[in-house]
Each structure stands twice: as C-alpha cells, then as structure tokens.
Amino acid sequence: MSIQISHISRSFGNQQVLRDISFRIDAGEVVGFLGPNGAGKTTTMKILAGALDYQTGNAAVCGMEVADNPLETKKNIGYLPEQNPLYTDMYVKEYLLFVAETYGIGKEKYKRVDELIDLVGLRPEFSKKIGQLSKGYRQRVGLAQALIHNPKVLILDEPTTGLDPNQLVEIRNLIREIGKNRTVLFSTHIMQEIEAVCNRVIIINKGEIVADYTDVKEISNFGKNDFQLEVEFLNKVEKDVLGSIKSIKNIDTKDSKLFSITSEKDIRSDIFDLAVKTNNKILTLKPLAKRMEEVFRELTIAPESPGWDFRNKQ
C-alpha cells in the first residue's frame, strides 16, 4: 500500500483533534478526504507529510513508518499545504529550480522543471514573478513544486480553495491527470470536487472516520431503506388515485403530473399498470439517488444518524 494510518490520535492541549483513526490507501488510488472545517483533515495530512508528530498509533508511507524514516518518506511524498508557501519575489522557473536543488536533483533539474511547466500549464506565465500570478497559477506553481521530485504519493490540502469556476475545472482536470500514475490524497469540503475527481472518498468528522466509500457511487445508497422515484405523467393524476398503490409511504406532489414517491419496495411496474388502467402515459420514471450533500450532512451534523454505523469501514 502507499498510505497506512493505524489508530492515530492527536491532541493540542486539552483539545483532541484525531480520535483513533485508521485507513489505508493503495497505490494508484485518487482519494478525497472530505469533512467540515475543523474535522481533522489538515492534521492528518501534516502527520503523513512528516510536518507534525503523532501521540499514538502508526503512520506509514510506501511501507515506511513516518516517525522512524522522516527523510525517506519525504522523498516519496509531494505535499501542497492549504496555505501555499511560495517565494513571491522569485520568478516561476527560478523558484522551481531552487526547489529542485533542495531535493538534490542534479543536471536533470532543468529538464525536469521544463517538463513540469508544461505538465501543470505554466508555460504562458513562467517568465513572471510568482507575486504577479493569479491564485490559479500560484496553485499550479504549488503543484509543480510538489511534483518536482516525482513522488509516489501526492498530498494536497484543499488545493482549489479560492479559485474561480474556470480555475476550478482546470485544477481538477490536472489532479485527475496526475492521479493516473501515482497515489493522490486531497482534502476538501466541496462535494462536487469528490464527484469530479475521486474514485474513493473518506469522510471525517470531529476527529473520527465516519465513512469510507471505496466507490464514490456507493454514496447515493447510504442509509436508503426505502425506494424513491420520480414519475411524470402525460395527463393529470389525482394524488388519491396514485396513493391507492400498496407499499407507497409518501407522495410529494410537484404538480398535477409530476410526483416524487417513497415506497417500501420497487413499484415501477405498479405505476405502469396504473397508467395503462387510467388510459394515461408515463413521460418520466426514474429512481432517485441520494445527493452527496445529504449524506455529508447526515454524517457530520447528527451523531445519532445511521451514518455512524459506517465508522471505520474498510
């Protein structure tokens, strides 16, 4: 595996930030680390990057314990913190060459920097000072410095914060492309980010892992005991007539032809039979998936919610 966290806890004074968290990420996965502000995302990522110690448990990167092998693990990690620390008085290429030197890259550093300038889309701005760049291009510089030593693991702490919609799309596409040949863990509290980039999501709340979905598509089935669907008829249907179908628990009337229905089982065939019986036609009939925002709220706002049954799912 590329990342292994086992029973890690961390406190700052009397405040416990991480509470016995565990998860593993295998090589080649692009994993979103989702949670509200203050949930423990940044603390976890700093521990993995070797920027913060941990009080109990184990943290390993590429099979090496972070605390016991600080330099070796850092060679395998590219880290972009939330507050992108750049030397704004340096030119883009000058800065990247400086970073390459700190990693001990020799004669190949010029070739490597040129490759990264093209990879992250910095070519139009590479001759400028970093302080003259927009937020989006500064994030590209941050990604370039995280990739300069060709790490096996990339850790990105909210890399799209403060970007405009166009920049968001560009950075997301870049992360997706980068993730094709390395492990990526990036934190966010933006649900669309997860759907756009990740194939897996880990959700943390109040220092605890409350869900771990190995397939982002699984989220829509969270806590779903009932069958939900939307149906639209060609002609008007009385709510009482629709409600005559057994197993229906609730009908939300959007208008006289469009309904959202909750039932105990799949009743699509019953609805079709009703349409035939009343000489009506069905224009739309589709199951309703739970939105990621709904799942996120259930997992991070109400501790008594069913989401806590998913704690530490591996």
Side-chain angles (χ1 to χ4, degrees), residues 30-46 48-49 51-52 74 77-103 109 112-151 153-180 182-198 201 204 292-293 296:
V30 179
V31 179
F33 201 27
L34 181 63
N37 291 329
K41 302 188 300 295
T42 295
T43 299
T44 302
M45 298 180 108
K46 284 183 176 179
L48 284 170
L52 190 66
K74 285 182 174 67
I77 295 172
Y79 177 47
L80 177 61
E82 182 179 4
Q83 301 298 326
N84 194 354
L86 300 171
Y87 293 111
T88 55
D89 287 336
M90 297 180 75
Y91 292 93
V92 171
K93 192 167 185 177
E94 177 189 17
Y95 170 72
L96 293 177
L97 286 169
F98 165 72
V99 174
E101 289 175 2
T102 65
Y103 279 105
K109 65 183 178 183
R112 181 61 180 157
V113 167
D114 278 336
E115 289 174 348
L116 283 171
I117 284 173
D118 289 328
L119 176 65
V120 304
L122 278 169
R123 184 62 64 185
E125 306 288 324
F126 84 100
S127 60
K128 290 184 179 180
K129 285 187 175 182
I130 293 173
Q132 298 174 306
L133 301 179
S134 67
K135 178 68 181 293
Y137 275 107
R138 291 192 190 195
Q139 288 298 84
R140 291 172 187 266
V141 175
L143 282 171
Q145 67 81 26
L147 290 165
I148 196 80
H149 56 302
N150 198 26
V153 176
L154 194 60
I155 298 175
L156 311 175
D157 194 356
E158 301 198 13
T160 61
T161 299
L163 302 185
D164 66 37
N166 291 331
Q167 293 169 338
L168 277 173
V169 172
E170 292 170 356
I171 295 298
R172 287 173 185 170
N173 289 339
L174 180 57
I175 293 171
R176 193 185 301 113
E177 185 66 27
I178 290 169
K180 289 180 178 179
R182 55 177 50 82
T183 301
V184 179
L185 173 67
F186 79 95
S187 70
T188 182
H189 53 266
I190 303 171
M191 266 59 70
Q192 295 89 338
E193 206 107 89
I194 301 296
E195 294 172 314
V197 178
C198 300
V201 58
I204 186 171
M292 189 177 287
E293 288 87 349
F296 180 77

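Below, each value reflects all heavy atoms present in this structure, side chains not excepted, and no hydrogens, waters or symmetry copies.
You'll find the side chain of K129 stays beyond 4.5 Å of the side chain of T88, heavy atoms only. Looking only at side-chain heavy atoms (C-beta outward), L116 and R112 come within less than 4.5 Å of each other. The shortest distance between side-chain heavy atoms of L122 and V141 falls below 4.5 Å. The shortest distance between side-chain heavy atoms of L143 and L156 falls below 4.5 Å. Side-chain contact check for Y79 versus K74: every heavy-atom pair is 4.5 Å or farther apart.
Legend: residues meeting ring-ring contact (aromatic ring centres under 6.0 Å, His included) with Y87, ordered by chain and number and at least two apart, are F98. The salt bridge (Lys or Arg N to Asp or Glu O under 4.0 Å) test applied to K128 returns E125, not counting sequence neighbours. For K93, the salt bridge (Lys or Arg N to Asp or Glu O under 4.0 Å) test picks out D114, with sequence neighbours left out. Remark: K109 engages L97, A100, E101, I105 in a side chain to side chain contact (heavy atoms under 4.5 Å, CB included) (not counting sequence neighbours). Residues satisfying the side chain to side chain contact (heavy atoms under 4.5 Å, CB included) criterion with N37, sequence neighbours excluded, are E158, H189. Applying the salt bridge (Lys or Arg N to Asp or Glu O under 4.0 Å) rule to R182 yields no partners; only residues at least two apart in sequence or on another chain are considered. Annotation: side chain to side chain contact (heavy atoms under 4.5 Å, CB included) contacts of D157 (sequence neighbours excluded): T42, M45, E82, S187. With sequence neighbours excluded, the residues satisfying salt bridge (Lys or Arg N to Asp or Glu O under 4.0 Å) with R172 are E193. For S134, the side chain to side chain contact (heavy atoms under 4.5 Å, CB included) partners two or more places apart in sequence, or in a different chain, are Y137, Q167. By the ring-ring contact (aromatic ring centres under 6.0 Å, His included) test, F186 pairs with no residue at all, sequence neighbours left out. By the side chain to side chain donor-acceptor pair (under 3.5 Å) test, Q139 is found to be paired with N84, residues two or more places apart in sequence or in another chain being considered.
Looking at every heavy atom in both residues, A146 comes nearest to L154 through CB-CD1, 3.8 Å. Minimum interatomic distance between I77 and L48 (heavy atoms only, all atoms of both residues): CD1-O, 3.1 Å. Smallest separation of non-hydrogen atoms from G136 and I171: O-CD1, 4.2 Å. Counting all heavy atoms, side chain and backbone alike, G78 lies closest to P151 at N-CB, 3.4 Å. I175 and P159 make their closest contact through CD1-CG, 3.9 Å (heavy atoms, listed as atom of the first residue, atom of the second, distance). Across all non-hydrogen atoms, the minimal contact from A144 to L96 is CB-CD2, 3.8 Å.
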Do L34 and I204 pass the side-chain contact (heavy atoms from CB on, under 4.5 Å) test, and can you show the C-alpha distance, the side-chain angles, and the key distance before you say yes or no? CA-CA 6 Å; L34 181 63; I204 186 171; over 6 Å; no
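If you take CD1 on I155 and NZ on K46, they are separated by 13.0 Å, rounding to the nearest 0.5 Å.
The environment of OH in Y103 is crowded: more than 12 heavy-atom neighbours from other residues, nucleotides or ligands sit within 6.0 Å.
Residue pairs meeting the salt bridge (charged side-chain N to carboxylate O under 4.0 Å, His left out) criterion with at least one member in residues 131-147, sequence neighbours excluded: R140-E170.
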